[in-house]
Chemist: 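Dumping the structure here so I can ask a few things about it.
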Amino acid sequence: MRGRVARKAFALGSAGVVALAIAGCNQSSPNGEATQTNLKIVEKVQIDENGAEVKSAEGVAPADPAGDGKASCPPVMIAMMGALNGPDAALGINIKNGVQLAIDKHNAANAGCQVQLKSFDTEGDPQKATGVAPQIVDEAFIVGIVGPAFSGETKATGDVFNQAGLVSTTASATNVTLSENGWRTFFRGLANDGVQGPSVANYLKNTLGSKKVCVVDDSTDYGLGLAEAVRETLGPVADSACNISVKKGDKEFSAAVTQIKGAAPDAVFYSGYYSEAAPFAQQLKDGGVKTIFASADGTKDPEFVKQAGEASKGALLSCPCGPAAGSFAEEYTQKFGQEPGTYSTEGYDLGTILLKGIDSGAITRPALLDFVRNYQGQGVARKYQWTDKGELTTNLIWMYEVQ
């Protein structure tokens, strides 16, 4: 979900942050869906764990999935696993499109090495993912995976891929504990919530000067893990009077809105996905809650803006995902008829890494696993190099704003 503009420092002060209460009115269609809006998610600033700005590296060329055009390989497949249907499908589709672009560029340049993408839909459901994982393992031509996409499904299937020795590179699963299971096949392609949580919490507390923040989670593995990191970093700034848990799938938040309105916080942080964040933001605005609305990568999708309409204006969204820029953004938009979304960049980069491994001759599961384990190189989003636990050696967070 990235409609991105040129990077610039985040100008602080009242002009830089728009409270939901003063956002323009959102008009709804007869079927209850938000009407089209000209708002979009715009990158603001890259931050460290203290919430302070970090300048981006410039002038480093990302790896090209086309390679030198001389690759030769037998038929092999890369799997993509994640939500392609259901309420959070946009996030999975973004990843799939990124991988597809990398594979298409590779195949167009390498007639002697044609790699196929095989997609597996989990709808983001851990239970459904446990049925999908054996299908991937049993497909002998699959040598690597971009996925699973969400933390819950990654937790539910990590052992399966580990036992099969099948490299699993996630573009989006951010729960901290995923790298603590001893899986030798797990590689996270972005910062985890142990980085994102403190970074966005300190951004709210230190950079924006919030004195009271209500933290709301959606009770999922992702939402709980991120919220825990945010609450711990905020300390007493996380007001216990509005420490709230809702449920994934909820669409009615009147009790939470009433509780938050009574607390009168400087900011509300929602830890969950866009399908719930959108009606929550709308109901906060309709309820007269005058505060900053902040959320994270699960909300950073154009669907949030589309569904919340003008109630999304001014929302601050953190993400370990890197902005799309340059030729990648142009090629993606031309191919798919829309700008890159959240995790499109990571999908492209991780797909490129697997392709580079295949081109190097790593056409078996053990060989490709070894290639990824020892890989280091620049992507569109960031530099990629992993620790022995599958975590990146360099982790930074981006802040975005709906404008």
Side-chain angles (χ1 to χ4, degrees), residues 1-5 7-12 16-20 23 34 37 39-47 51 53 88 90-91 94 150 171-172 174 190-193 195-205 207-208 210 213-218 222-223 226-227 229-230 233-234 266-282 284-285 291-324 339-346 381 396-403:
M1 67 196 61
R2 295 170 194 150
R4 308 197 167 124
V5 295
R7 298 174 185 174
K8 53 187 177 183
F10 188 9
L12 302 179
V17 180
V18 185
L20 288 176
T37 175
L39 296 171
K40 63 191 304 184
I41 298 168
V42 177
E43 68 181 79
K44 299 298 295 185
V45 64
Q46 187 176 220
I47 59 174
E53 180 182 359
D88 302 304
L91 298 174
N94 291 341
F150 292 170
S172 51
T174 52
L190 70 179
N192 65 41
D193 291 332
V195 177
Q196 180 172 210
S199 299
V200 66
N202 282 324
Y203 186 77
L204 293 172
K205 180 171 64 172
T207 304
L208 299 187
S210 298
V213 178
C214 293
V215 180
V216 182
D217 69 75
D218 70 351
Y222 161 70
L226 176 59
V230 170
T233 304
L234 287 174
D266 299 312
V268 173
F269 181 83
Y270 181 74
S271 188
Y273 296 98
Y274 66 78
S275 49
E276 289 76 36
F280 183 43
Q282 180 66 63
L284 283 170
K285 178 182 176 297
T291 189
I292 297 165
F293 182 83
S295 191
D297 53 317
T299 297
K300 194 197 148 289
D301 189 281
E303 281 296 315
F304 168 66
V305 179
K306 179 181 177 182
Q307 294 175 22
E310 290 293 321
S312 68
K313 187 175 183 181
L316 300 176
L317 307 173
S318 66
C319 193
C321 51
E339 294 180 340
T342 297
Y343 312 132
S344 294
T345 312
E346 283 72 21
L396 292 170
I397 302 297
W398 278 90
M399 292 301 302
Y400 298 79
E401 183 180 9
V402 179
Q403 298 179 355

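Note that these values count all heavy atoms, side chains included, but never hydrogens, waters or copies made by symmetry. Owing to the predicted nature of the structure, the values given are computational and were not obtained by experimental measurement.
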Chemist: For Ala229 and Gly197, work out which heavy atoms get closest and say how close.
Modeler: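 In terms of heavy atoms, the two residues are closest at CB-CA, 3.9 Å.
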Chemist: Taking all non-hydrogen atoms of both residues, which atom of Ile41 and which atom of Pro302 are closest, and how far apart?
Modeler: CD1-N, 4.1 Å
Chemist: Measuring from Ser275:OG to Phe304:CZ, what's the distance to the nearest 0.5 Å?
Modeler: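 Answer for the OG-CZ pair, Ser275 versus Phe304, is 11.5 Å.
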Chemist: CZ/Phe150 to OG1/Thr174 distance, rounded to the nearest 0.5 angstrom?
Modeler: 10.0 Å
Chemist: Could you grab the distance from atom CD of Gln196 to atom SG of Cys319, nearest 0.5 Å is fine?
Modeler: 6.5 Å
Chemist: Would you say that Ser172 contacts Asp297 through its side chain, given a criterion of any heavy-atom pair below 4.5 Å between the two side chains?
Modeler: no
Chemist: Is the ring pair Tyr270/Phe293 parallel, tilted or perpendicular, if the boundaries are 30 and 60 degrees?
Modeler: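 The arrangement is parallel - the two ring planes meet at less than 30°.
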Chemist: Do Val402 and Leu317 have side-chain heavy atoms sitting under 4.5 Å apart?
Modeler: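 Contact flag for Val402/Leu317 side chains = yes.
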Chemist: Which atom pair, heavy atoms only, marks the closest approach of Glu43 to Pro323?
Modeler: OE1-CB, 3.0 Å
Chemist: In Å and rounded to the nearest 0.5 Å, what is the CD1 to CG distance from Ile397 to Asp193?
Modeler: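 Interatomic distance, Ile397 CD1 to Asp193 CG, rounded to 0.5 Å: 8.0 Å.
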Chemist: Check whether Tyr222 reaches the backbone of Gly298 with its side chain - one donor and one acceptor, N or O, closer than 3.5 Å.
Modeler: yes
Chemist: So which atom in Ile47 and which in Val200 form the shortest heavy-atom distance, rounded to 0.1 Å?
Modeler: CD1-N, 4.4 Å
Chemist: Would you check if Tyr274 and Ser295 make a side-chain contact, meaning some heavy-atom pair closer than 4.5 Å?
Modeler: no
Chemist: Indicate yes or no: at least one non-hydrogen side-chain atom of Thr207 is less than 4.5 angstrom from one of Val45.
Modeler: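 A side-chain contact under 4.5 Å is absent here.
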Chemist: Sequence neighbours left out, what passes side-chain contact (heavy atoms from CB on, under 4.5 Å) with Ala201? Give chain and number order.
Modeler: Val230, Thr233, Leu234
Chemist: How would you list, by chain and number, every residue that makes a side-chain hydrogen bond (donor to acceptor under 3.5 Å, both in side chains) with Asp266, sequence neighbours excluded?
Modeler: none
Chemist: List the residues meeting ring-ring contact (aromatic ring centres under 6.0 Å, His included) with Phe269, not counting sequence neighbours, and say none if there are none.
Modeler: none
Chemist: Can you measure from CD (Gln307) to OG (Ser312) and round to the nearest 0.5 angstrom?
Modeler: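 Here the interatomic distance stands at 10.5 Å.
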Chemist: Looking only at heavy atoms, what is the nearest atom pair of Gln282 and Ala308, with distance?
Modeler: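 Smallest heavy-atom distance, with atoms named: OE1-O, 3.3 Å.
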Chemist: Between atom NZ of Lys44 and atom CE of Met399, what is the distance when rounded to the nearest 0.5 Å?
Modeler: 10.5 Å
Chemist: Does any N or O in the side chain of Thr345 come within less than 3.5 Å of the main-chain N or O of Ala381, such that one atom is a donor and the other an acceptor?
Modeler: no
Chemist: Ignoring hydrogens and angles, tell me if any N or O in the side chain of Asn202 forms a donor-acceptor pair with the backbone of Lys205 under 3.5 Å.
Modeler: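 Pair absent, no side-chain N/O of Asn202 close to backbone of Lys205.
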Chemist: Ignoring hydrogens, what is the shortest heavy-atom contact between Gly322 and Glu346? Give both atom names and the distance.
Modeler: N-OE2, 2.8 Å
